[in-house]
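Can you keep this structure in mind? I'll have questions shortly.
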Amino acid sequence: MQKVLVIAEAGVNHNGSIETAKQLARTAKECGADIVKFQTAKLDSLVSKYAGMAQYQKENIGKEASQKEMLKKLLLPYPEFEILADYCREIGIQFLSTPFDLESISFLEHLGLDMWKIPSGEVTNLPYLIKIARTGKPVILSTGMCRMSEVEKAVEILREYGTTNLSVLHCTTEYPAPYEDANLLAIKALRERLHVPVGYSDHTAGTEASIAAVALGAVIIEKHFTISRQMEGPDHKASLEPEELKKLISGIRNIETALGNGNKIPSKSERKNINVARKSIVAKQKIKKGEILTEENITTKRPGNGISPMRWFEILGTPAVRDFEEDELLEV
């Protein structure tokens, strides 16, 4: 199995602070993530003054306001993303940021991103999809809140306008997402329908769903993380803390190794135990040379380095080739 790509989703958990964003990048690197991802937007291009907050945002922030009021405190200005991208290169982790409007696509294209991550909310945004596709860069498409038909349409548009390298993430857009809504088997459905690599953007509170997704064949795992769930902001409570992120990534690496190649053969580690655990045909009692071998004078016992019991009916009724002591491995 190919190495699972782990995206540590910092999102807006920096709370508008470049220093906290750098800290998140360092944490992602230390925990073993392949990519640290942020979110880039121009506030006036992203949301109107009439857009309300999601219920989870109201609960996590502890008050009700417009989306615009909430996001005003959370977004980094463009120049700070340039600093952040340079910092990520400096410490050796891949920088990625999701654009949430057309202007931010242009900015991140100028910044030299290697790929695009399209958020679930933009799956039905035709001008957005076209602009992303026309760059010709690899795309990872999240599919929260989507019907299969909507995913297929977005994939069709991306391909039509220039995307040749495409991956899709199954996702449940709720923070945290209830386990009963995770629907991990959709990973298989997406892979079979779209014939593209499929991963999982995990919004559940724990790590079990991500581990299970890898076992189901997910090749990308995206997971929100934070410095502390006690920080103020809409996404912290549904994010992993550093030690949890580290354990998740360790678990993913163990599972991708454990999946193996699917060929059912004895593994290198177990071959030495074959003769110890299996049985051979042995003398049940003393047997004289020429005596006919029957169920009364032969049986099967460990070790397994003699005649296999699978030859039982071949051996029955034949004469003993020599004298055998009780428990001695039979010879023919």
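Counting begins at 1 with the first residue of the sequence. Computed from a predicted structure; not experimentally measured. Quick note: numbers below take in every heavy atom, side chains included, and nothing from hydrogens, waters or symmetry partners.
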Handout entry: Exceeds 12 heavy-atom contacts within 6.0 angstrom, atom CD of Gln230
Key = no
Exercise for the section: Indicate if Val6 and Leu259 have the same hydrophobic cluster label, given that clusters are the connected sets of ILVMFWY residues with side-chain heavy-atom separations under 4.5 angstrom. Expected result: yes
Practice task
Following the transitive rule for hydrophobic clusters with a side-chain heavy-atom cut-off under 4.5 Å over Ile, Leu, Val, Met, Phe, Trp and Tyr, establish whether Phe81 and Met115 coincide in one cluster.
Solution key: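 Result: yes, single cluster for both.
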Handout entry: Note: Arg253-Glu256 ion pair, threshold 4.0 Å (strictly below)
Key = yes
Handout entry: Residue pair Thr226 / His236, side-chain donor-acceptor N/O under 3.5 Å
Key = yes
Problem - Verdict with supporting geometry, Glu109 and Lys137, salt bridge (Lys or Arg N to Asp or Glu O under 4.0 Å) - result: CA-CA 10 Å; Glu109 170 75 351; Lys137 292 183 177 180; 3.2 Å; yes
Problem - Carboxylate-amine/guanidinium proximity below 4.0 Å for Lys37 and Glu9 - result: yes
Problem - Asp101 side, atom CG; Glu122 side, atom CD - distance, nearest 0.5 Å - result: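 Between Asp101 CG and Glu122 CD, I get 8.0 Å after rounding to 0.5 Å.
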Problem - Within 45° cone of Tyr200 ring axis and under 6.0 Å: Lys223 NZ or CZ - result: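 No; the conditions do not both hold, so Lys223 does not lie above the ring face of Tyr200.
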Exercise for the section: Check whether Met148 and Leu158 end up in the same hydrophobic cluster, where Ile, Leu, Val, Met, Phe, Trp and Tyr are linked by side-chain heavy atoms less than 4.5 Å apart. Expected result: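 Yes, because Met148 and Leu158 connect within a single hydrophobic cluster, where side-chain heavy atoms sit under 4.5 Å apart.
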Practice task
Look at atom CZ of Arg278 and say whether more than 12 heavy atoms of other residues, nucleotides or ligands are closer to it than 6.0 Å.
Solution key: no
Exercise for the section: Start with the C-alpha distance between Ser104 and Tyr78, add both sets of side-chain angles, then the distance that settles side-chain hydrogen bond (donor to acceptor under 3.5 Å, both in side chains), and finish with yes or no. Expected result: CA-CA 9 Å; Ser104 293; Tyr78 284 175; 2.9 Å; yes
Practice task
Only one of Gln94, Lys29, Lys3 passes side chain to side chain donor-acceptor pair (under 3.5 Å) with Asp34; say which it is.
Solution key: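 For Asp34, the side chain to side chain donor-acceptor pair (under 3.5 Å) check succeeds only for Lys3.
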Problem - Sub-4.5 Å side-chain heavy-atom contact between Val12 and Phe38 - result: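 Of all side-chain heavy-atom pairs linking Phe38 with Val12, none is under 4.5 Å.
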Exercise for the section: Mind checking the NZ-CG spacing from Lys279 to Asn305? Nearest 0.5 Å is all I need. Expected result: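 Rounded to the nearest 0.5 Å, the NZ-CG separation comes out at 14.5 Å.
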Handout entry: Arg229, CZ atom: more than 12 neighbouring heavy atoms under 6.0 Å
Key = yes
Practice task
Answer yes or no: are there more than 12 heavy-atom neighbours, outside Lys153 itself, under 6.0 Å from its atom NZ?
Solution key: no
Exercise for the section: Search all heavy atoms of Leu240 against all heavy atoms of Ala205 and return the closest pair with its distance. Expected result: CD2-O, 4.0 Å
Exercise for the section: May I ask you to decide if Glu222's main-chain N or O and Asp202's side chain share a donor-acceptor pair within less than 3.5 Å? Expected result: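 Absent.
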Problem - Co-membership, hydrophobic cluster, residues Ile221 and Leu185, 4.5 Å side-chain - result: yes
Handout entry: NZ/NE/NH1/NH2 to OD/OE distance under 4.0 Å, Glu328 and Arg322
Key = yes
Practice task
Examine Ile307 and Phe313 and state if one hydrophobic cluster contains both, with Ile, Leu, Val, Met, Phe, Trp and Tyr joined whenever side-chain heavy atoms are less than 4.5 Å apart.
Solution key: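 Same cluster: Ile307 reaches Phe313 through Ile, Leu, Val, Met, Phe, Trp or Tyr contacts under 4.5 Å.
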Practice task
Step through the shown structure and confirm whether more than 12 heavy atoms of other residues, nucleotides or ligands are within 6.0 Å of NZ on Lys131.
Solution key: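 Yes, because the 6.0 Å sphere around NZ of Lys131 holds more than 12 heavy atoms from other groups.
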Handout entry: Heavy-atom donor-acceptor pair, Thr204 side chain to Ala209 backbone, under 3.5 Å
Key =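 No; zero donor-acceptor contacts below 3.5 Å.
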Problem - Residues forming a side-chain hydrogen bond (donor to acceptor under 3.5 Å, both in side chains) with Thr299, sequence neighbours excluded - result: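 Once residues adjacent in sequence are excluded, Thr299 has no partner under the side-chain hydrogen bond (donor to acceptor under 3.5 Å, both in side chains) criterion.
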Practice task
Output the distance between atom CD (Gln39) and atom CG (Asn13), rounded to the nearest 0.5 Å.
Solution key: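 Answer for the CD-CG pair, Gln39 versus Asn13, is 8.5 Å.
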Handout entry: Residues, nucleotides or ligands: over 12 heavy atoms within 6.0 Å of Lys272 NZ
Key = yes
